[in-house]
Amino acid sequence: MNILNRNEIIETIDMVEKEHFDVRTITMGISLLSCIRDSAEETARLCYDKICKKAENIVKVAEDLGMEYGIPIINKRVSITPASMLTANFSGKEVVLAKALDNAAKTVGIDFLGGYSALVQKGMTSFERSFIESIPEALSVTERMCSSINVGSSKSGINMDAVSLMGKIVKETANLTADKDGLGAAKLVVFCNAVEDNPFMAGAFHGVGEAETVINVGVSGPGVVHHALKGVKGLSIGEVCETIKKTAFKISRAGMLIAKEASKRLNAEFGIIDLSLAPTPVMGDSVAHILEEIGLQSVGAHGTTAALALLNDAVKKGGVMASGNVGGLSGAFIPVSEDIGMINAAEKGAISLDKLEAMTSVCSVGIDMVAIPGNTSAETISGIIADEAAIGMINNKTTAVRVIPVPNKGVGEYVEFGGLLGRAPIMKVSDYSCADFINRGGRIPAPIHSNKN
Amino acid sequence: MKAIVTVIGKDKSGIIAKVSTAIAECEVNIEDISQTIVQGNFTMIMLCDLSASKMPLKAFHEKLVKLGEEIGVSIHVQHEDIFNAMHKI
């Protein structure tokens, strides 16, 4: 081949066939601000119609692009304006909207719809409180809808009233879906520094600063990075970083091409590429195994945080070189139930919730898909959320908590969610209470370094 | 547009004949071809021009993938832009 190098062609094919390279999601962000009316029913109807119209072709376009470029596109998703902004006029009837959103997701055939969300990082209005209180029921009567709440930011501090409330909401959501081992809580994430253009679930929403319709694309490829690192065994850390960067570059460029084409065909603006190493529970698609390839006997060993820091940074650098529009969360996700290497480490006791918390100070998001005992108190869950939010607030990064207090199950037992959500051993939380701290309420003020004006 | 057709599988007689016949039937022109055998594995890469073809890429793709299944090799048809995007700065 004089134009294209044959090794590069074979490399691309191997990435997909043997190393699980995929475009994880094409997510269409849709503004629903134009659908706000006085009644729940009318607002719900207009939201349903708008989503069905705007996202009508997303599944077909994604399938066509996957075929044309030979890169599988796993999920088709929609993110919407934070729904709490749509429900201000009909507090108490939010679930009417939730059902319409879920129906819209089913009608257009997408995998998930994100944005049953509220941004309460500084304060909470009465309609936002009512909205948050509707989440457990909303997630128990819908299938494809995901919810997220932003409780803190580096600029505004941490809303401890919201943190306290979310501990209760997470627990109630799990209890209302007890027949599915608390699956509802797997679709609920609590953020600090939430981003407005994240294409990944459960935390995607369409920020109010965004255009009418936007395409954000999430690319993944832990297996590709893992495979590339096998070629630099025993070499210096500098070689490891370079290898990750080069691989991230290639993955991002593929995503960029597909994102631009998808935007054109769907008549939407191109938003961002989110290059996130997002593991799946299948063998060969694990972030934990990348860390082990770098030189850890098991993820969770001392050195894990440092290895993850270099991985996360190198991924971002490779991505930034490939595209001027890298955004979202970009980096490495470290969910437990969705990563076979993490599951194994949790099973043998190599990784704890405490080590995971440390890792979240350098990964792209936070404590993700961790199953905890069903009898964990709401205050303890709030404590986990507060710790994560503090790490995010002080370090100017996005952090999040997605824990599942599995009803009627305890440490050592298992929970099976199936599909991309995977399975997980239930992990131990601290035996000591933080209730008096959480119950104080109020707000943790923004850190000194937020005063930049 | 141009597509890269990749054929990978166990070597046997007639692979090139069958694949190139199918491509010709679609009125697609083969502009460049490279073929080797590595440890018994047949690997062929073809640069194809579809601009004169009345067949849409999807149908061309489906026809070749089906042919691959019939003759026991793996055939990929991909828009050439994906390789340019990933491997050229």
Side-chain angles (χ1 to χ4, degrees), chain A residues 1-19 21-23 60-73 217 219 221 224 228 245-262 264-265 273 275 318-324, chain B residues 1-10 16 19 26 28-51 53 55-69 73-89:
Chain A
M1 293 274 116
N2 50 3
I3 306 165
L4 286 156
N5 179 317
R6 58 179 294 122
N7 292 334
E8 290 170 348
I9 292 172
I10 298 298
E11 182 189 343
T12 303
I13 288 171
D14 280 349
M15 277 182 177
V16 174
E17 297 256 302
K18 299 178 185 161
E19 299 152 23
F21 171 44
D22 55 53
V23 168
K60 182 181 180 300
V61 165
E63 282 169 3
D64 285 353
L65 289 172
M67 182 274 296
E68 285 170 32
Y69 294 111
I71 311 282
I73 297 170
V217 167
V219 279
V224 183
K245 263 166 56 181
K246 283 180 191 160
T247 311
F249 171 83
K250 291 175 188 170
I251 295 173
S252 304
R253 287 285 284 250
M256 185 74 187
L257 176 67
I258 287 174
K260 287 232 155 142
E261 197 58 34
K264 203 160 73 186
R265 294 188 194 183
I273 287 286
L275 172 60
V320 165
M321 186 173 167
S323 164
Chain B
M1 65 150 288
K2 288 179 183 174
I4 301 287
V5 174
T6 317
V7 184
I8 304 170
K10 198 166 158 32
I16 298 182
V19 175
C26 303
V28 169
N29 187 36
I30 300 171
E31 291 194 340
D32 198 355
I33 183 163
S34 149
Q35 183 255 306
T36 51
I37 308 241
V38 185
Q39 294 169 340
N41 259 332
F42 176 93
T43 307
M44 175 166 69
I45 301 171
M46 287 179 288
L47 176 64
C48 296
D49 182 1
L50 277 79
S51 53
S53 174
M55 194 179 249
L57 177 62
K58 191 173 183 181
F60 180 59
H61 180 273
E62 280 165 5
K63 182 180 166 108
L64 287 193
V65 168
K66 188 159 168 280
L67 173 70
E69 284 163 10
V73 293
S74 158
I75 302 186
H76 295 264
V77 181
Q78 291 162 277
H79 197 300
E80 70 162 345
D81 283 356
I82 191 75
F83 303 102
N84 289 326
M86 288 176 78
H87 300 287
K88 305 272 178 278
I89 295 177

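Just so you know, these numbers use all the heavy atoms, side chains as well, and skip hydrogens, waters and symmetry mates. Sequence lines set the chain letters: A, B, ... in the order given, protein chains first and strands last, and positions in each chain run from 1.
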Checklist entry - For A:Arg253 and B:Asn84, which heavy atoms make the closest approach, and how far apart are they? => result NH2-O, 4.3 Å
Checklist entry - Can you say whether A:Met321 sits under 4.5 Å from chain B via the side chain, the backbone, both, or neither, judging by heavy atoms? => result side chain
Next on the checklist: Tell me whether A:Glu68 contacts the main-chain N or O of B:His79 through its side chain, where contact means a donor paired with an acceptor under 3.5 Å.
Outcome noted: no
Next on the checklist: If I compare all heavy atoms of A:Glu17 with all of B:Ser74, which pair ends up nearest, and what's the gap?
Outcome noted: OE1-OG, 4.4 Å
Checklist entry - Side chains of B:Thr36 and A:Arg6: donor-acceptor distance under 3.5 Å anywhere? => result yes
Next on the checklist: At a heavy-atom distance under 4.5 Å, which candidate from B:Val77, B:Ile8, B:Val65, B:Leu57 has the highest pair count against chain A?
Outcome noted: B:Leu57
Checklist entry - Does the side chain of A:Ile10 come within less than 4.5 Å of B:Ile45's, by heavy atoms? => result yes
Item to check | Rounded distance (nearest 0.5 Å) linking atom CD1 of B:Ile4 with atom OH of A:Tyr69 | outcome: 13.0 Å
Checklist outcome for this item: When rounded to the nearest 0.5 Å, the distance separating CD1 of B:Ile82 from CD1 of A:Ile13 is 11.5 Å
Checklist entry - Side chain, backbone, both or neither: which part of B:Ile89 has an atom under 4.5 Å from a heavy atom of chain A? => result both
Next on the checklist: On a heavy-atom basis, which atom in A:Phe249 and which in B:Lys88 lie closest, and how many Å separate them?
Outcome noted: CZ-O, 4.5 Å
Checklist entry - Minimum heavy-atom separation for B:Met86 to A:Phe21, with atom names? => result CE-CE2, 4.0 Å
Next on the checklist: Between A:Glu11 and chain B, with a heavy-atom cut-off of 4.5 Å, which part of the residue counts as in contact: side chain, backbone, both or neither?
Outcome noted: side chain
Checklist entry - Checking side-chain contact (heavy atoms from CB on, under 4.5 Å) for the pair A:Asn5/B:His87: CA distance, chi angles, key distance, verdict? => result CA-CA 9 Å; A:Asn5 179 317; B:His87 300 287; over 6 Å; no
Checklist entry - Taking atom NZ of A:Lys260 as the centre, does the number of heavy atoms from other residues, nucleotides or ligands within less than 6.0 Å exceed 12? => result no
